[in-house]
Amino acid sequence: MKLLVCIKQILDPEIPVRDFSIDREKLEADSANANQVTNIFCENALETALQLRDSVGESSITVICFGRESAEDSLRKALAMKADEACLVMNDLNHTPDSATTAHVLASAIESLGSFDLIFTGRESGDWGNGQTGAYLAEELKVPYLPFVDDIKQTDKGFEVRRQTESGWERYGIPASSVVTITNSDHNLPRIPKTRDIMMSHRKTITRVSFEDLKIRKDELNPQSDSVRPVKLFVPEKESACEFIEGENLNAKIDQLADKIMEIRSTL
Amino acid sequence: MSETSGNGSDILCVLSSNEWDRSAEGLVGAGRLLSDKTGGKLIAVTLGEWQDSALKQLGARCHQVRVGQTQVSVSGGIESMLDYLVKLAEEIQPASILFGNGTVEEEISPRLAFRLGGSSIGDAQALTISNNRIQVTRSVYGGKATAVMELQKSPAVVWIRSRAFPPAGPLPQSGSFETTVIQETSPESIELLQHHEDASEGVSLEEATMIVSGGRGLGGPEPFEDLKALAATIGAEMAASRAACDAGWVPHSWQVGQTGKKVTPELYLAVAMSGSSQHMMGITDARNIAAVNTDPDAPIFKHCRFGIVEDYRNVIGPLTEKLKSRKK
Amino acid sequence: MNPSDATREVLWNISNSWIMYALLLPTLLIAGNGILLRIKRWKKGRPVDRLDRPLERLQNVWRHAVLQRRTMRNRYAGIFHAFIFWGFITLTLATTVVFLHHDFGWQIMQGRFYLYFQSLFVDLLGLLALIGVGMAAWRRAFLQPRFLVQSSEATWILVLAFIILGTGFLLEGWRIAATDDPWGNWSPVGSLIATFSIHWMSVETMQFFHWGVWWFHLLLVFGFIAWAPYTKMLHPLTATLNIYAANLKPIGASLKTIDFESEESFGINRLDHFTWKDLMDLDACTECGRCTAVCPAATAGKSLSPRDIILDLREKSRISNKRETTFSDPIIGTAPSLSTESLWQCTSCAACVESCPVSIEQFPKIIDMRRFQVMEEAVFPEPMQQALASIESRGHPFSGSRFSRLDWTEGLNIPEIKDRPDAEVLVWTGCGGSLVERNQKSSRALTKILDRAGISYAILGREEKCTGDPARRMGNEFLFQELAKQNIQTFEKYKVKTVVTSCAHCFNTFRNEYPEQGGQFEVFHHSEYLKRLLDQGKLPMKSSSDRKITLHDPCYLSRHNHMTEDARSLLQQTSSQPLIELERNRQNSFCCGGGGGLSFTEEPSEQRVNRQRADEILKTDVDTVAVACPFCTTMLEDGINACKGSRDIKVKELSELILESLETEE
Ligand SMILES: Cc1cc2nc3c(=O)[nH]c(=O)nc-3n(C[C@H](O)[C@H](O)[C@H](O)COP(=O)(O)OP(=O)(O)OC[C@H]3O[C@@H](n4cnc5c(N)ncnc54)[C@H](O)[C@@H]3O)c2cc1C
Ligand code: SF4
Ligand code: SF4
């Protein structure tokens with residue numbers, strides 16, 4: 001079985017507010033003072049794929065990333081977690097393309113890599129949080145799509161998956177070659193790689209693919225050609241002062257707390 | 001008001017929840033906001049089983065209501081539903097198609113945009129039109145920044161935080177109704193096997209006006225029982241941080257935040273959670289936030305209207321008792 | 001009677017003494033075999049250079065094997081141990097004298113030497129040994145300290161020792177009485193028994209009993225000699241060897257460096273991956289339990305017990321005499337003490353190492369096994385995973401911190417080294433000092449002091465990365481080495497010569513662990529550096545408060561580096577009141593609970609180490625607890641706040657206190 005996991009490298013979501021600044025030219029976060037990390041849902045996706053491989057055996061996992069040079073680190077980490085192959089689709093554009101373009105590029109790259117039994121993406125990324133790449137990718141590839149998946153089993157017909165919904169979950173049967181997006185659950189926290197595997201990951205080669213390789217014309221990719229582009233990006237002003245409840249003793253404090261809660265409740 | 005249709009100025013609002021609730025009101029309100037600017041018609045598209053009374057409310061506020069009667073369940077019949085929406089959009093040629101917030105809406109929007117050659121974005125907190133293009137304001141970078149995104153290709157398919165938008169009042173004239181039975185057009189490649197609702201009494205989190213939420217600081221599933229008792233006394237719903245859900249203490253459907261539910265209660269009582277920026281993203285529209293936390297420097301307090309620096313173990317029990325007696 | 005004629009008849013009343021000599025041979029063979037077996041086991045270990053610097057090693061033997069300084073730290077046990085030890089040594093010497101006198105014909109057992117040494121001294125020391133055995137038995141039977149191992153072996157050893165000593169005295173008494181020894185009074189215990197015996201028995205009966213008890217005594221002694229090498233009673237030998245082979249470096253430098261290029265397995269999960277010294281450690285253990293008694297995890301009621309780790313490993317190494325594979329069998333998880341749960345409770349405080357009378361290194365073995373868990377198995381507690389993952393991706397362990405490395409400098413004019421490349425010293429703030437809000441105050445205080453002293457300094461700011469201390473102690477040696485390389489590169493880039501840090505962990509890693517990674521710079525803990533400034537008259541400490549201060553010594557200074565006095569000298573300047581010492585101070589300080597990665601985990605409150613220390617502090621009447629490490633600050637503040645009730649008591653970092661007495665001068 002061949003599994004493909006799309007991963008994305010993003011600005012560390014835990015970046016301290018002080019280090020977070022905006023590049024006004026490019027209208028994206030300034031990465032000078034920031035670490036790049038693998039998007040957590042992509043790691044959940046990889047972990048889900050690894051667990052599927054552990055349960056069925058005899059499968060290979062390819063990770064693919066459309067990103068900058070630095071994304072090699074994310075791919076290495078995926079290799080250390082024991083993905084089999086890694087492919088970096090080099091983004092040397094001056095802007096960060098939107099989800100539709102990203103999916104288009106990924107789809108071309110995936111087609112050039114061959115066919116896969118299941119394609120995974122994270123449900124969304126921790127930077128722009130669009131949550132669309134998986135859907136666009138399924139459309140590009142013309143394959144079935146199911147988002148918010150947190151559990152996958154192999155069946156005769158394809159796969160049985162669990163999808164999280166607003167109020168619970170659903171189980172679906174999906175055919176092979178579908179695209180699923182993975183969401184976090186208590187059993188797909190990314191595994192910690194073993195040191196030997198980390199060392200080995202540095203000896204593996206990462207396949208590099210360029211726009212030319214995919215016959216995509218770079219000059220056609222610009223903010224204007226994207227379907228969605230940022231026109232403004234700013235750090236919102238907020239932080240209101242909190243009234244800390246004081247009182248001579250705990251009982252008095254809780255009394256006040258109860259009063260405040262009842263006050264709000266009475267306006268309903 | 002322009003009466004022409006098919007010129008790319010109409011607005012479609014797709015309502016998949018089959019109720020006239022705050023979410024539907026907000027969605028129609030957002031639609032009106034746009035249609036007033038484009039001068040096009042506001043057309044409501046309903047999916048699923050709708051009560052007449054609810055349809056009447058829609059009719060009063062929209063120029064047209066397209067009732068899509070469907071036998072297949074919403075999540076089970078995605079392909080046919082997409083086909084129906086594509087056909088509808090090709091017929092109406094709207095400037096924008098609006099959805100409310102929900103996992104199905106999130107799933108459909110980009111796919112519909114792709115099929116219509118349009119553009120798509122989600123989680124809109126505000127909508128404007130500039131240079132004839134729809135612009136969407138939304139939170140990005142885990143809440144650290146706000147972006148205004150321009151949708152450059154028409155139609156603009158957007159799912160919105162519907163409760164963040166003001167409801168619209170009735171139009172001078174009620175809209176027309178047209179009913180279509182949604183046929184099974186494409187074979188469904190995906191088969192629904194089982195549907196499960198997590199045990200929850202009362203309204204959904206998104207609808208809740210009071211929410212009691214617990215974080216990692218609770219240390220285990222048991223303290224959530226005490227929180228439940230507290231919530232029950234004031235008629236609140238329960239929620240949790242991702243840390244608490246990930247630990248398996250409570251179901252994932254309780255998760256609030258960037259990647260969980262976006263809630264809009266009058267009171268959000270955050271117990272033993274730090275208030276990470278990702279969590280705060282789910283409660284930016286909460287009217288009042290209050291917190292119980294041992295750490296006076298916990299970021300949650302920066303967003304609170306009031307708070308108490310105390311171990312939750314000393315607070316929850318007595319607070320529940322006091323609230324009980326006050327209710328009497 | 002001329003004292004110079006004094007002597008006694010050897011082998012009085014004993015015929016066929018050749019049997020004794022015949023028995024001596026198998027006795028020595030059995031004993032020798034026991035010793036050889038042990039040596040064979042040690043040789044299965046890996047090489048380590050522990051025989052260099054013989055003079056220092058002999059000094060250690062003098063201090064700890066002969067004078068038994070560490071044993072003496074526990075009064076009761078120290079005293080009875082000395083009684084038994086010196087008693088038996090003396091008796092052995094006396095027997096040797098008899099042997100030389102009788103079998104070699106050296107004729108030394110006579111005259112004043114016979115009277116003063118062979119009679120009086122030996123008799124008294126024998127008595128002390130008997131008292132010692134009694135005290136030991138009393139402790140075992142009635143005092144029963146919490147961490148004593150109750151084993152039948154230990155009981156038998158005491159019983160045997162008692163009988164051997166007792167029968168020895170009886171033999172002496174009967175001989176004196178029966179031969180009417182004119183010099184008998186020189187052996188007080190013996191002559192006492194003689195006086196008694198004369199009332200009870202005839203000379204013939206005494207002779208008869210003397211004969212029987214003599215052979216009984218002999219058999220017991222030979223039996224004991226043969227058996228000892230198979231019990232903890234070999235420790236006089238193994239302990240001496242072990243003390244000779246002790247780690248001569250500071251405890252803070254005792255973790256092994258892994259060569260990732262050549263090593264085939266990272267960390268240790270089998271006996272033969274330990275060094276020979278590690279294996280000798282196992283045989284040197286006297287089961288005294290001191291290590292576990294001082295272990296903060298054990299006293300907090302957790303399952304960790306350094307002594308049991310040593311004893312369980314020893315148990316395994318002994319089984320392996322019979323089975324070939326035992327030295328390569330997995331060890332982690334095979335005994336409660338070796339459970340993964342226990343291994344992750346160690347705070348790396350080194351109290352065990354410091355307390356061990358025979359120079360056993362317990363906690364480095366724990367780290368060795370953690371390494372295996374982390375690097376080979378990748379299974380370890382979730383909070384530690386988070387901390388390590390955070391170090392890996394963002395260079396600090398405080399996953400979720402909303403601070404940047406520069407937030408603490410807000411409003412101050414603190415130069416970064418890139419803007420002041422000629423700075424005299426580099427102030428290393430550390431993750432704890434910059435990313436944990438409480439410590440930002442102390443970091444600011446330190447820079448203000450340096451400003452007042454006119455020191456030209458700079459910080460690294462965003463270029464700082466975790467030193468790797470937590471990674472190393474959590475078992476991720478690989479990550480540690482990577483971080484060390486990166487930091488050393490940064491230092492080289494800015495040609496850093498001198499580093500000052502207020503973090504005891506960073507300090508220890510820099511001083512003791514970076515040199516092996518190629519770090520060539522001088523590092524000072526701020527207590528050390530500020531003491532220098534004080535001595536140079538650069539710290540005008542004009543006013544002093546009337547704070548009642550105590551000092552909590554950080555493990556990584558006091559034990560890992562035996563640095564305890566600088567902070568004290570400085571603190572004395574900050575208050576008019578004398579410094580109050582905690583019960584456990586200096587090298588015997590008690591951990592705050594924050595080392596070894598434990599400050600990133602959540603524990604049930606009743607098992608928290610910081611609470612124990614807080615309780616100890618609250619027993620004194622201090623109003624200020626001085627600390628000298630950011631981890632201690634946060635751990636103790638948490639512990640004190642949890643336990644103090646309404647009492648007004650503050651945790652203050654050294655720099656904060658110094659700054660106070662500088663500032664009031666203005
Ligand atoms: C891409 C991405 C998406 C994410 N999405 C979400 C999301 O949707 N929702 C979400 O919640 N998180 C999300 N997170 C995770 C988020 O960053 C935090 O890790 C998480 O919210 C922390 O949960 P917490 O506040 O419960 O725990 P913590 O941050 O550990 O806070 C625990 C709090 O409890 C307090 N406390 C401890 N003991 C007590 C006591 N006895 N009494 C009172 N108070 C006590 C402590 O002071 C502390 O403030 C996301 C992260 C990423 C990277
Ligand atoms: S280092 Fe400290 S915590 Fe660890 S075993 Fe030794 S005494 Fe116990
Ligand atoms: S290891 Fe040392 S301190 Fe611990 S029991 Fe053995 S001899 Fe005593």
Side-chain angles (χ1 to χ4, degrees), chain A residues 11 13 17 20 22 29 99 124 126-132 135-136 139 144-148 160 164-175 184-186 189 226-236 239 242-245 250-251 253-255 257-258 260-262 264-265 267-268, chain B residues 75 102-103 106-107 110-111 114-115 119-123 135 140-142 144-153 189-198 200 204 209-210 234 246-248 252-253 258-259 266-267 278 288 301-302 304-310 314-315 318-319 322-323 326:
Chain A
L11 185 95
V17 174
F20 182 83
I22 284 162
S99 314
E124 67 182 74
D127 49 4
W128 290 91
N130 291 336
Q132 297 182 323
Y136 276 122
E139 291 294 321
Y145 172 67
L146 198 71
F148 311 117
E160 190 187 312
Q164 289 183 11
T165 65
E166 285 96 343
S167 52
W169 49 263
E170 289 167 339
R171 288 203 165 275
Y172 286 91
I174 61 169
N184 61 301
S185 78
D186 52 0
L189 290 175
D226 276 342
S227 62
V228 179
R229 79 181 165 98
V231 287
K232 254 190 239 160
L233 186 65
F234 56 95
V235 176
E239 285 198 13
C242 168
E243 179 196 335
F244 283 102
I245 295 175
L250 186 60
N251 193 43
K253 288 205 258 182
I254 297 177
D255 259 329
L257 184 61
K260 285 186 187 300
I261 292 175
M262 289 313 282
I264 293 172
R265 193 169 178 273
T267 64
L268 297 177
Chain B
S75 47
T103 49
E106 203 175 331
E107 171 181 358
R111 301 178 72 184
F114 184 91
R115 293 181 190 193
S119 47
S120 149
I121 194 96
D123 203 15
Q135 293 189 343
V140 291
Y141 290 107
K144 291 201 174 70
T146 303
V148 177
M149 308 295 292
E150 186 168 285
L151 289 99
Q152 309 196 97
K153 290 179 184 160
S189 49
I190 285 180
E191 184 193 357
L192 177 65
L193 304 173
Q194 193 187 352
H195 178 84
H196 171 90
E197 295 284 325
D198 286 334
S200 89
S204 74
T209 50
M210 307 274 270
I234 52 170
D246 278 354
H252 262 280
S253 56
Q258 179 189 357
T259 51
E266 291 295 311
L267 174 68
Q278 289 89 1
N288 298 293
F301 287 124
K302 296 224 164 108
C304 277
R305 227 192 75 196
F306 54 92
I308 179 165
V309 179
E310 192 61 54
N314 305 331
V315 174
L319 179 61
K322 284 184 204 293
L323 288 171
R326 251 156 255 223

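Quantities reported herein were computed from a predicted structural model and do not represent experimental measurements. Letters go in sequence order (proteins before strands), and every chain restarts at 1.
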Considering all heavy atoms, the nearest [X]-[Y] contact:
X      : Y      : result
A/S167 : B/E197 : OG-OE1, 2.8 Å
A/K253 : B/V309 : NZ-O, 4.2 Å
B/Y141 : A/A29  : OH-N, 3.0 Å
B/S253 : A/G168 : CB-N, 4.2 Å
A/Y136 : B/S119 : OH-C, 4.4 Å
B/I190 : A/P175 : CG1-CD, 4.4 Å

Distance, nearest 0.5 Å, that separates [atom1] of [X] from [atom2] of [Y]:
X      : Y      : atom1 : atom2 : answer
B/H195 : A/E170 : NE2   : CD    : 5.0 Å
A/R265 : B/M210 : CZ    : CE    : 6.0 Å
A/W169 : B/H252 : CH2   : NE2   : 14.5 Å
A/I254 : B/L323 : CD1   : CG    : 10.0 Å
B/Q194 : A/E160 : CD    : CD    : 8.0 Å
A/S227 : B/M149 : OG    : CE    : 9.0 Å

(request) Determine the option with the most heavy-atom pairs under 4.5 angstrom with chain B, choosing from A/N184, A/N251, A/I174, A/I245. (result)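 Most pairs with chain B among the choices: A/N184.
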(request) With a 4.5 Å cut-off on heavy-atom pairs, point out which of A/D255, A/D226, A/L189, A/V235 contacts chain B the most. (result) A/D255
(message) I'd like to know if the side chain of A/K232 reaches the main chain of B/T146, judged simply by a donor and an acceptor atom lying under 3.5 Å from each other, with no hydrogens or angles considered.
(response)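 Here the side-chain-to-backbone pair does not exist.
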(message) Test your reading of the model: is there a side-chain donor-acceptor pair from A/Q132 to the backbone of B/S120, 3.5 Å cut-off?
(response) yes
What option among [options] has the most heavy-atom pairs under 4.5 Å with chain A?
options                : result
B/I234, B/L151, B/N288 : B/I234
B/I308, B/V140, B/L193 : B/L193
B/K153, B/H196, B/E191 : B/H196

(message) What I'd like to find out is whether the side chain of B/E106 reaches to under 4.5 Å of the side chain of A/E124, using heavy atoms alone.
(response)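 Result yes, sub-4.5 Å side-chain heavy-atom pair found.
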(request) Could you tell me whether the side chains of A/E166 and B/T103 share a donor-acceptor contact shorter than 3.5 Å? (result)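 Side chains of A/E166 and B/T103: pair found under 3.5 Å.
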(request) Could you tell me which portion of A/F20 (side chain, backbone, both or neither) has an atom closer than 4.5 angstrom to a non-hydrogen atom of chain B? (result)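 Just its side chain gets close to chain B.
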(request) Only counting residues at least two apart or in another chain, list the ones meeting ring-ring contact (aromatic ring centres under 6.0 Å, His included) with A/F244. (result) B/F301
(request) With a 4.5 angstrom heavy-atom cut-off, could you sort out which part of B/N314 is near chain A: side chain, backbone, both or neither? (result) both
(request) Side chain from CB out, backbone as N, CA, C, O: work out which of these in B/E310 comes under 4.5 Å of a heavy atom of chain A, or both, or neither. (result) side chain
